Asks: 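Sending over a structure as C-alpha cells; questions will come in a sec.
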Protein chains: 2
Amino acid sequence: MAKMIDVAKLAGVSVATVSRVLMGKGKVREQTRQKVLEAIKQLNYKPNRLARNLRRLESQTVVVVIPDISNPFFTEIVLGIQEIANQHGYHVLLGNTNNDVKREIQFIEMVKEKVADGVILVTVRNPKERFLKLAQEFPIVFACEYIKGAELPMVTIDNVRSAQCVVNYLVNLGHRKIGYIGGPQQVIVSRDRLQGFIQGVIQNDIPFEPAYITEGDFGIQSGIEMATKLLQLPSPPTAIFAANDEMAIGAIKAIKNHGLSVPKDIAIVGFDNITMSTVVEPALTTISQPRRQIGQKAMELLLQLIHNPMLKREHIVLPYELVIRQSCGNPSVWSDS
Amino acid sequence: MAKMIDVAKLAGVSVATVSRVLMGKGKVREQTRQKVLEAIKQLNYKPNRLARNLRRLESQTVVVVIPDISNPFFTEIVLGIQEIANQHGYHVLLGNTNNDVKREIQFIEMVKEKVADGVILVTVRNPKERFLKLAQEFPIVFACEYIKGAELPMVTIDNVRSAQCVVNYLVNLGHRKIGYIGGPQQVIVSRDRLQGFIQGVIQNDIPFEPAYITEGDFGIQSGIEMATKLLQLPSPPTAIFAANDEMAIGAIKAIKNHGLSVPKDIAIVGFDNITMSTVVEPALTTISQPRRQIGQKAMELLLQLIHNPMLKREHIVLPYELVIRQSCGNPSVWSDS
DNA sequence: TGAATATATGTAATCGATTACATTTAAGGA
DNA sequence: TCCTTAAATGTAATCGATTACATATATTCA
C-alpha cells in the first residue's frame, strides 16, 4: 500500500507538503498542489488513519451504546446520529450491550483506549454515581434515557408529561378504569412514565387502583401476560396504556384471545410509535418520540463536547406527539391542554 | 491520561517489560509481572489502541455494510457478526448505505485507510467487476447477497430452491393460480427468487402467466400496490408469494381492503421471517433464513481471510426453513421432497 | 537593484505503543 | 568456582502520519 513518502517522491516534494495538501491548510503553490494531487491519484493513495489519529490524538469515531440492536426503536436513533456524524467525518461504532450492565462501562472505556472520542448512551442501567464520574472524565451524551437531577448533556422527551397526556386523552374519551403496563423499574423512562400515569389518574379525580398497575419487560410476551392479568381482575379496565408499543401489541393479542375486541371493549395506547404499530390491527394509538431528531441532537451535542470539554451541560427536551390511530376508537384530532 | 511509560516508571521497569506483560508473550518473572499489574491498576491505565494498531498495522475492526439499518432483517445478521467479532476482540463498524450505491465503495475504502481490517457486505449493488477487483485487494465477505459465478467468500441460503419450495407448498395446498410480488431486479436475491418461482411454476405443470408476476421494492407500500394490481386482474390468483415479509404484509392489507379474507380467499407467503410476520393477522407463513448464523459464519470467514489472505474462497450455503403459520390456512407440517 | 517581507517548501520531532536486538542476571553442569 | 547457557530485562528502531521550526524562494517597495 502506498505511503505518504511514496507520494512525496513521485511528486518531487517533501512529506510535509503532501500533508499540507491533504489537510488543506498551510500555504501550497497551486502548481505544487496539482503535482501532489496527480501523484495521489496515480498511486491510488489514501492516508493511514491510524497514523493520522495517533499524531492528532483523536480517533474521529464515536460509540453509540444501545441495549438491543435488533429493536427498531433504537436503530432510528442511530440513523439520526449517523447522519450528523458522517456530515462531520466521524465514524459510528455500535455498542450492543444486550442489556448487560457491565458492557455499558466497557464501551465507555473505549474512549480511554482512544478507539473513540466520545460516547452516546441510549441505555443507562449502571448506578448514577458511576456515570457522574465517567461523564466528568469523557465526553458522554445521554439520549432517551438519562440521569435524574444531574447537569449532564441529555436529549429526551418529557416522559412524565407524555404519559400524563395519554391518561388525559383516555379520560377525555370517557374512560375511568385505566390499566397500566409499565416497563422495568430500573430504567428511568419506566419510572417517569409510571409517575406520569399516576399523576394523570390523580389529576382527573379517578380513584387510585393499585391492581391496575402492572410491570412488564418491554417485550411482546410480557404485554400478553400483563394484559391477561388485568383482564382477570373482578372489575377489569376499559382501557390499557402500555409503556411501549411491543407490550401494547401483546395486550391487543391477549384481548383478542379473550374473545374481546379492541377498541370496542377495551382501548389500547402504546408508546414509541414503531413501524409495527401501523401494521397491527387495529393500528395503535401511541406516543411518538422524534427519534431521528433525538439522535441528531445528541450527536451535535457530543461534537460540541468533544471540541470543547468545558461546554455547559444542558438537558434538551424535545416535543412528543400523540399519534391517534384506531386502537381507541373515535379517531379524532385532540390536543392536551 | 497515563501512558505506558508512566506505568513503567511506577513499576521500576522498562516499557518493553510492560508491553510484554500486556501482550502476554515473552518471558517475564512472575514477581515483575505483579509489580507491573499493580502499577497498571494504580494508574488506571489502558493502552492506546491507535498506537498499538499503528505499530501492528491492523485496526481490530471490521465494517459491516448494510443497505438500511432500520430494517430488522439486517440487524439480526449484525448481531451474529458482533457475537463472533467480540469473541475475538474485534470491533464492528456499521456502514449504512441507505441504498446509495456509491457509499458501498466508500465503506470498502475504509480498509485502505486502515480504519478496518476487513468488510462484510450485506448489500451488493455495484457492478460485479468492481467487486471482483476489490475482493482481490481487501478481505471481503458477502452475506445474504452475493456475486454469481465468482470464487469469493460468501454466506447465503439457496434463494432459488427456497422460492421453488414455496411454490411446491402452495401447489400442494391445491393452488394453481399463484401471483408473485418480486423485489427490485438489480439485487441478486430478487432475481434468484423470481427464477425459483418460475421454475416451481413450470415444474408443477402450471401454465405460465406473465401477468401474475409483479415487481415491488421490498417496502410495505409496494406490497399493497402490487397486490392490488393482482386483484384487479380478470382472473386473480388464489395465492400470492411475496419476495419479502414487508411486501407480504402489504399484500395482506390490500386484500383486506378489498373485502377479501386471508387465507380463505387468498393465501399469502412471505420471505425472511421478520418479527412483524408473527404480529400481522393472520400470522405469516414465510421462509426463514438463519440470519444470526449467517452473520456468525460470515464473520468467521472474514477472520480467517484477514489472517490468511491466501485462503481458498468458498461459498457457504446454509439451510432455509419454511415456517408455516396461518396465512395459507391448513396449518400443517410439510416437507419439500 | 537590494533589503525587507511574504510565501513556499523542507527537516526532523512527535504521537504511544510493539518488538528486534543487545545486554544483564540467574541457573546449571563439570 | 568458573564457564556455558537460559531467562529476564532494557535500548532503540519502527509504524505513517502531522506540524513546529528552519530554510529557501518569490514578491514588494524604496
Side-chain angles (χ1 to χ4, degrees), chain A residues 1-40 43-61 89 91 109-117, chain B residues 1-40 43-61 89 91 109-117:
Chain A
M1 196 116 315
K3 303 192 290 183
M4 186 175 274
I5 192 156
D6 302 319
V7 175
K9 275 187 192 140
L10 183 60
V13 297
S14 74
V15 287
T17 302
V18 175
S19 180
R20 274 188 279 257
V21 170
L22 245 32
M23 295 267 93
K25 57 183 171 188
K27 311 248 169 210
V28 181
R29 200 152 45 115
E30 185 52 31
Q31 186 187 331
T32 320
R33 151 187 246 85
Q34 288 307 329
K35 268 195 305 188
V36 171
L37 290 176
E38 178 55 36
I40 287 175
L43 292 173
N44 196 11
Y45 167 79
K46 282 256 176 189
N48 181 319
R49 290 248 185 191
L50 291 173
R52 165 183 293 180
N53 292 339
L54 172 58
R55 178 59 226 253
R56 310 195 73 193
L57 296 179
E58 62 183 19
S59 61
Q60 301 261 97
T61 301
H91 295 133
E109 299 242 301
M110 288 169 72
V111 178
K112 203 192 275 181
E113 292 179 314
K114 282 283 159 204
V115 173
D117 298 337
Chain B
M1 197 119 314
K3 301 191 291 183
M4 185 175 275
I5 192 156
D6 302 321
V7 175
K9 277 189 190 138
L10 183 59
V13 298
S14 74
V15 286
T17 300
V18 175
S19 180
R20 275 188 279 258
V21 170
L22 244 31
M23 295 267 94
K25 57 182 169 189
K27 314 245 169 208
V28 181
R29 197 149 48 115
E30 185 51 32
Q31 185 187 328
T32 320
R33 148 186 249 85
Q34 288 307 329
K35 267 195 305 185
V36 171
L37 290 176
E38 177 54 38
I40 288 175
L43 292 173
N44 195 12
Y45 167 80
K46 282 256 175 190
N48 181 321
R49 288 249 184 189
L50 291 174
R52 163 182 295 179
N53 292 339
L54 172 58
R55 177 60 225 250
R56 311 196 74 194
L57 295 180
E58 63 182 21
S59 60
Q60 302 261 95
T61 302
H91 295 133
E109 300 243 300
M110 288 169 72
V111 178
K112 203 190 278 180
E113 294 178 313
K114 283 282 158 207
V115 172
D117 297 336

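By convention in this document, chain letters (A, B, ...) are assigned in the order of the sequence lines, proteins followed by strands, and residues within each chain are numbered from 1. If you're wondering where the values come from, they're calculated on a predicted model, not measured in any experiment.
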Asks: Could you grab the distance from atom CG of A:Leu54 to atom OG of A:Ser59, nearest 0.5 Å is fine?
Replies: 11.5 Å

Asks: I need the B:Tyr45 OH to B:Leu10 CG distance, nearest 0.5 Å.
Replies: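 One gets 13.0 Å once the value is rounded to the nearest 0.5 Å.
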
Asks: Would a 4.5 Å heavy-atom cut-off, applied to side chains only, mark B:Arg52 and B:Met23 as touching?
Replies: yes

Asks: Could you say whether B:Arg20 or B:Lys46 is positioned toward the 5' end of DNA chain C, judged by the nucleotide with the nearest heavy atom to each?
Replies: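 Here B:Lys46 is the residue nearer the 5' end.
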
Asks: Can you check whether A:Gln60 reaches B:Val115 side chain to side chain, under 4.5 Å on heavy atoms?
Replies: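 A side-chain contact is absent here, since even the closest heavy-atom pair is not under 4.5 Å.
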
Asks: Rounded to the nearest 0.5 Å, what's the gap from CD1 on B:Ile40 to CE on B:Met4? Could you check?
Replies: 7.5 Å

Asks: Could you walk me through whether B:Met1 and B:Asn48 pass side-chain contact (heavy atoms from CB on, under 4.5 Å), step by step?
Replies: CA-CA 10 Å; B:Met1 197 119 314; B:Asn48 181 321; over 6 Å; no

Asks: Which is more 5' along DNA chain D, the nucleotide nearest A:Val18 or the one nearest B:Arg56? Just name the residue.
Replies: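 First, find each residue's nearest nucleotide; the 5'-ward one identifies B:Arg56.
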
Asks: Describe the nucleic acid contact of B:Leu57 in one word from base, sugar-phosphate, nothing, applying a heavy-atom distance below 4.0 Å.
Replies: sugar-phosphate

Asks: For a quick check of understanding: with a heavy-atom distance under 4.0 Å over all strands, which category does B:Ser19 fall into, base, sugar-phosphate or nothing?
Replies: base

Asks: Listing time: all N or O pairs from protein to nucleotides 6-8 of chain D that are below 3.5 Å?
Replies:
none

Asks: Decide whether B:Glu38 and B:Gln34 meet the rule of one side-chain donor and one side-chain acceptor closer than 3.5 Å.
Replies: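 Side-chain D/A pair, B:Glu38 to B:Gln34: absent.
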
Asks: Enter the distance from A:Arg20:CZ to A:Thr17:OG1 here, rounded to the nearest 0.5 Å.
Replies: 4.5 Å

Asks: Does anyone know the first and last nucleotide of DNA chain C in reach of chain A, 5' to 3', at under 4.0 angstrom to a heavy atom?
Replies: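 Endpoints of the contacted stretch of DNA chain C: C:dA8 to C:dG16.
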
